[in-house]
There are 2 protein chains.
Amino acid sequence: MLVVDGAKVMARAGLTPERLTRAGAELADEVGFDQVTVSALARRFEVKVASLYSHLKNSQDLRTRIALFALEELADRVADAVAGRAGKDALAAFANAYRDYAREHPGRYDAARLRLDPETAAASAGVRHSQMTRAILRGYDLAEPDQTHAVRMLGAMFHGYVSLEMAGSFRHTAVDSQESWRWVLDSLDALLRHRAAP
Amino acid sequence: MLVVDGAKVMARAGLTPERLTRAGAELADEVGFDQVTVSALARRFEVKVASLYSHLKNSQDLRTRIALFALEELADRVADAVAGRAGKDALAAFANAYRDYAREHPGRYDAARLRLDPETAAASAGVRHSQMTRAILRGYDLAEPDQTHAVRMLGAMFHGYVSLEMAGSFRHTAVDSQESWRWVLDSLDALLRHRAAP
DNA sequence: CTAAGTTTCCTAAAACCGTTAGGCAAACGA
DNA sequence: TCGTTTGCCTAACGGTTTTAGGAAACTTAG
């Protein structure tokens with residue numbers, strides 16, 4: 001089949017799950033993760049929608065792949081940020097890596113919060129995230145179960161703060177969000193030092 | 001028009017924006033807020049889809065109404081919970097009201113986190129939420145801008161914790177989430193007392 | 001180098017959702 | 001009782017998801 005003016009010669013587009021996932025992540029950052037659609041992705045590759053179904057099981061599969069990709073990417077960034085740091089320095093690096101990623105890639109950040117089924121989650125980079133959080137706490141000398149409590153607290157705080165900040169919840173008050181962020185990190189550091197085992 | 005066996009006599013279904021909103025909230029709790037659809041709602045009222053468009057502007061309007069309803073209901077609950085309490089007692093009541101609502105009404109809780117446009121948000125019960133958070137902090141005697149920092153921290157922590165807990169993130173470790181929750185509340189109380197103005 | 005086999009993308013079609021336009025019947029007010 | 005308004009309907013269109021089957025492009029074995 002040969003279309004003269006459209007120049008479509010039935011050439012292959014070179015689709016792969018990986019390219020589709022990456023393009024989906026970019027799309028998520030541009031239009032929001034919940035607007036990522038198989039149709040939009042096909043449009044971006046100038047390909048018919050049905051063609052994607054040779055590379056993706058379905059729409060949910062696409063979303064899951066983007067989520068796993070984002071988790072991996074974020075874990076890499078965090079690992080890079082905390083390398084060679086300890087104590088409060090590591091805590092701040094960890095937290096900032098998290099927040100910066102969300103600001104830079106809001107769609108991917110949302111994707112990383114997608115609810116995964118237990119098996120998928122267990123095989124994802126999500127486990128690296130909790131491992132790294134635990135690693136941060138090595139500098140604070142917490143015994144179990146306090147360490148687990150602290151892991152959950154840090155996860156909740158960072159995710160909650162970033163989530164509310166992204167949603168614009170902090171834009172109505174004059175106080176700069178950056179200041180609050182520093183205040184929160186200082187507070188967490190003090191709290192964890194105070195909780196340290198004797 | 002009269003259908004004999006279906007017993008449809010073209011009677012009126014008694015639709016109103018309020019009834020639709022409430023039913024939408026119930027639907028959200030059952031199937032998830034992102035699965036709340038004009039079609040599903042019409043099915044629930046045994047009415048054709050187009051009929052809802054006399055009462056709702058569109059699908060987004062429905063979601064926004066559910067969000068406003070949930071914000072209002074949650075604010076009422078929180079107000080009720082903290083009434084007559086102060087200090088750590090008030091903090092715990094506030095936090096528990098929040099968490100309990102999310103556990104009881106996950107769909108509505110998600111709805112309450114819908115991003116609203118600034119005018120809508122300003123006219124919503126969202127402002128009551130921050131006012132009540134500030135009220136909790138009266139027991140801790142914080143000066144500005146620390147009070148604003150603390151409001152943001154509490155909002156982040158509660159939302160983050162509830163959000164991660166709902167997503168199942170705490171189910172992989174043996175430590176009971178309830179214990180972590182108590183630990184976090186104790187920590188926040190200690191932190192706020194420590195931050196109190198001299 | 002060519003024929004067979006595989007992969008990649010296509011067309012076609014069905015199902016569901018969102019939305020608008022226009023109609024008829026029911027409720028209501030005079 | 002008779003307009004008028006309101007509430008729900010049918011009809012229709014466009015978009016998304018998904019499956020089935022076909023045809024062209026690539027790959028590989030003889």
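Computation of the quantities below employed the complete heavy-atom set of this structure, encompassing side-chain atoms and omitting hydrogens, waters and symmetry-equivalent molecules. Proteins come first, then strands; the chains are lettered A, B, ... in the order of their sequence lines, and each starts at number 1.
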Could you walk me through whether Tyr101(A) and His105(A) pass ring-ring contact (aromatic ring centres under 6.0 Å, His included), step by step? CA-CA 6 Å; Tyr101(A) 187 76; His105(A) 297 296; 5.4 Å; yes
Look for any protein N or O under 3.5 Å of an N or O in nucleotides 12-14 of chain C and output each such pair with its distance, or none.
none

Under 4.0 angstrom, heavy atoms only, what part of the nucleic acid is Val47(A) near: base, sugar-phosphate, or nothing?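 Contact class for Val47(A): sugar-phosphate only.
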Show which side-chain atoms of residues 149-157 of chain B pair as donor or acceptor with protein atoms under 3.5 Å away, not counting sequence neighbours.
residue	atom	partner	partner atom	Å
His149(B)	ND1	Ser180(A)	OG	2.6
Arg152(B)	NH1	Val175(A)	O	3.0
Arg152(B)	NH1	Ser180(A)	OG	3.0
Arg152(B)	NH2	Phe170(A)	O	3.0
Arg152(B)	NH2	Val175(A)	O	3.0

Could you label the plane-to-plane angle of the Tyr98(B) and His129(B) rings as parallel, tilted or perpendicular, counting under 30° as parallel and over 60° as perpendicular? perpendicular
Value in whole Å for how far the P atom of dT7(C) lies from CG of Leu52(A): 18 Å
Between C1' of dC16(C) and NZ of Lys48(B), the distance in whole Å: 14 Å
Contacts table for residues 31-43 of chain A: side-chain donor-acceptor under 3.5 angstrom, sequence neighbours left out:
none

Is Arg43(B) close enough to dC16(C) that one of its side-chain N or O atoms is under 4.0 Å from OP1 or OP2 there?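 No, because none of the side-chain N or O atoms of Arg43(B) sits under 4.0 Å from OP1 or OP2 of dC16(C).
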Side-chain N or O of Ser51(B) versus OP1/OP2 of dC9(D): is the shortest distance under 4.0 Å?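 For dC9(D), OP1/OP2 do have a side-chain N/O of Ser51(B) under 4.0 Å.
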Count the heavy atoms of every other residue, nucleotide or ligand shown that sit under 6.0 Å from CZ of Arg77(B), and state whether that count exceeds 12. yes
Counting only heavy atoms from other residues, nucleotides and ligands, does the tally under 6.0 Å from CZ of Arg44(B) exceed 12?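 More than 12 heavy atoms, drawn from other residues, nucleotides or ligands, come within 6.0 Å of this atom.
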Give the C-alpha distance, both sets of side-chain angles, the deciding distance and a yes or no for side chain to side chain donor-acceptor pair (under 3.5 Å) between Ser177(A) and Tyr161(A). CA-CA 10 Å; Ser177(A) 180; Tyr161(A) 195 97; 3.0 Å; yes
Give a yes or no answer on whether the side chain of [X] reaches the backbone of [Y] with a donor-acceptor pair at less than 3.5 Å.
X: Glu144(B); Y: Thr148(B); value: yes
X: Arg115(B); Y: Ala167(A); value: yes
X: Arg65(A); Y: Pro17(A); value: no

Give, ordered by number, those residues of residues 53-66 of chain B having at least one heavy-atom distance below 4.0 Å to an atom of DNA chain C; if nothing qualifies, reply none. Tyr53(B), Asn58(B), Ser59(B)
For residues 31-40 of chain A, which residues have at least one heavy atom under 4.0 Å from DNA chain D?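 Of all residues in residues 31-40 of chain A, the ones placing a heavy atom under 4.0 Å from DNA chain D are Thr37(A), Val38(A), Ser39(A).
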With a 3.5 Å cut-off and sequence neighbours excluded, list the donor-acceptor pairs that the side chains of residues 85-97 of chain B form with protein atoms.
residue	atom	partner	partner atom	Å
Arg85(B)	NE	Ala81(B)	O	3.0
Arg85(B)	NH1	Asp89(B)	OD2	3.2
Lys88(B)	NZ	Asp186(B)	OD1	2.6
Asn96(B)	OD1	Trp181(B)	NE1	2.7
Asn96(B)	ND2	Ala92(B)	O	3.0

